Amino acid sequence: MEEEKQAAAERPEPQKRWYVIHTYSGYENKVKANLERKIRSMGLENKIFNVTVPLDDDVEMQNGRKKIVKRKVFPGYVLVEMIVDDQSWYVVRNTPGVTGFVGSESTKPIPLAESEVEHILKPGGDSAGRRRISVDIQPGQQVLINSGAFESLPATITEVDRERGKLKAVVEMFGRETVAELDFDQVEKI
């Protein structure tokens, strides 16, 4: 009896860690909702703590206006913070839409490293720490400049730099062509 108590005391306390689960593509939010519902109904709040679908802000330019859109950072994956034991593993693994744990060896999933978790869950951007910008403007396209020194002048796009959120355009002014560097929100399609 005394040996059992000592052996139990020497066993490390299970730690809550972050794990990645694979889902059917497009089912990430359904899996999150189903899993959260299962956690509440089965009283597993003390074993499964957080379920998250990492999102990123993307800036889209449509008709000269910025629009911020939430996009999934890792489509087809959901992060779960939990203490893994037979019951919690079974609940997560058997949630509709879940295909399995990433990096698991049967019933022993491999947790994310703390540095990976911090990197993935840090607020304010994607893995590079900046917003991605998408515009529906291509080189060769005619636009109208709506602000800045060249306001109300037509221009032809020569370069699109999505990383920096900049455009290069040729503007005709005083009978000469001038190259201007513009922000995405300074132009609108003609």
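Please read all numbers here as calculations on a predicted model, not as lab measurements.
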#### Entry: Residues T52, V78; criterion side-chain contact (heavy atoms from CB on, under 4.5 Å); working and verdict
CA-CA 6 Å; T52 187; V78 175; over 6 Å; no
### Query
Who are the side-chain contact (heavy atoms from CB on, under 4.5 Å) partners of P111, not counting sequence neighbours?
R17, Y19
### side-chain contact (heavy atoms from CB on, under 4.5 Å) involving E151 - partner list, sequence neighbours excluded
none
### Query
Who pairs with F150 by ring pair (Phe, Tyr, Trp, His ring centres under 6.0 Å), at least two apart in sequence or on another chain?
none
### Query
Would you say V80 and Y24 are hydrophobically clustered, going by side-chain heavy atoms of ILVMFWY under 4.5 Å?
yes
### Message
What verdict does the side-chain contact (heavy atoms from CB on, under 4.5 Å) test give for I145 and L182, after you've listed the backbone C-alpha separation in whole Å, the side-chain angles of each residue and the deciding distance to 0.1 Å?
### Response
CA-CA 9 Å; I145 300 173; L182 306 163; 3.8 Å; yes
### Task
Give, for atom NZ of K38 and atom OG of S88, the distance between the pair rounded to the nearest 0.5 Å.
12.0 Å
### Query
Do the side chains of P139 and V160 get nearer than 4.5 Å, heavy atoms only?
yes
### Task
Report the residues that fulfil salt bridge (Lys or Arg N to Asp or Glu O under 4.0 Å) with E181, sequence neighbours left out, ordered by chain and then residue number.
R164
### Task
List the steps and the verdict of side-chain contact (heavy atoms from CB on, under 4.5 Å) for T23 and T95.
CA-CA 10 Å; T23 68; T95 298; over 6 Å; no
### Task
Treating Ile, Leu, Val, Met, Phe, Trp and Tyr as nodes and any side-chain heavy-atom pair under 4.5 angstrom as an edge, say whether V117 and F49 lie in one connected cluster.
no
### Query
What distance do N46 atom CG and M82 atom CE have between them, rounded to the nearest 0.5 Å?
11.5 Å
### Query
In chain order, what residues pass the side-chain hydrogen bond (donor to acceptor under 3.5 Å, both in side chains) check against K168, with sequence neighbours excluded?
none
### Query
What closest approach, in Å, do P54 and L79 show between heavy atoms, and which atom pair accounts for it?
CG-CD1, 3.8 Å
### Message
If we ignore hydrogens and angles and just use 3.5 Å, is the side chain of E118 paired with the main-chain N or O of S115 as donor and acceptor?
### Response
no
### Query
For the residue pair H22 and F101, is the inter-centroid distance of their aromatic rings smaller than 6.0 Å?
no
### Task
Over all heavy atoms of both residues, which pair between A180 and V171 is shortest? Give the atoms and the distance, please.
CB-CG2, 4.2 Å
### Query
With a 4.5 Å limit on heavy-atom distance, are the side chains of P154 and V143 in contact?
no
## Note on the structure
dist W18:CH2 -> L112:CG (nearest 0.5 Å) comes out at 9.0 Å
### Task
Would you give the length of the straight line joining atom CD of Q186 to atom NZ of K166, rounded to the nearest 0.5 angstrom?
7.0 Å
### Task
Please identify each residue that fulfils side-chain hydrogen bond (donor to acceptor under 3.5 Å, both in side chains) with Q141, with sequence neighbours left out.
none
### Task
Report the residues that fulfil side-chain contact (heavy atoms from CB on, under 4.5 Å) with Y90, sequence neighbours left out, ordered by chain and then residue number.
N94
### Task
Please list, chain by chain and in numerical order, all residues satisfying salt bridge (Lys or Arg N to Asp or Glu O under 4.0 Å) with K47, sequence neighbours excluded.
D85
### Task
Only counting residues at least two apart or in another chain, list the ones meeting side-chain contact (heavy atoms from CB on, under 4.5 Å) with Q142.
T156, I190
### Message
Working note: I39 + V51, criterion side-chain contact (heavy atoms from CB on, under 4.5 Å); need CA distance, chi angles, decisive distance, verdict.
### Response
CA-CA 10 Å; I39 292 165; V51 181; 4.0 Å; yes
## Note on the structure
Quick note, salt bridge (charged side-chain N to carboxylate O under 4.0 Å, His left out) partners involving residues 20-37, not counting sequence neighbours, are E28-K72, K32-E36
### Query
Just how far is it from atom CG of N146 to atom CG of L153, taken to the nearest 0.5 Å?
11.5 Å
### Summary
Between I157 and A169, the two heavy atoms sitting closest are CD1-CB, 4.1 Å
### Query
When hydrophobic residues are tied together by side-chain contacts of less than 4.5 Å, even through go-betweens, does V31 share a cluster with L55?
yes
#### Entry: Partner residues of S147 under the side-chain hydrogen bond (donor to acceptor under 3.5 Å, both in side chains) criterion, sequence neighbours left out
none
### Query
Hey, which of V98, T99, V102 is the one that makes side-chain contact (heavy atoms from CB on, under 4.5 Å) with I21?
V98
### CD1 on I83 to CD1 on I48, rounded to 0.5 Å
10.0 Å
### Message
Are V187 and L144 linked, directly or through intermediate hydrophobic residues, by side-chain heavy-atom contacts shorter than 4.5 Å (ILVMFWY only)?
### Response
no
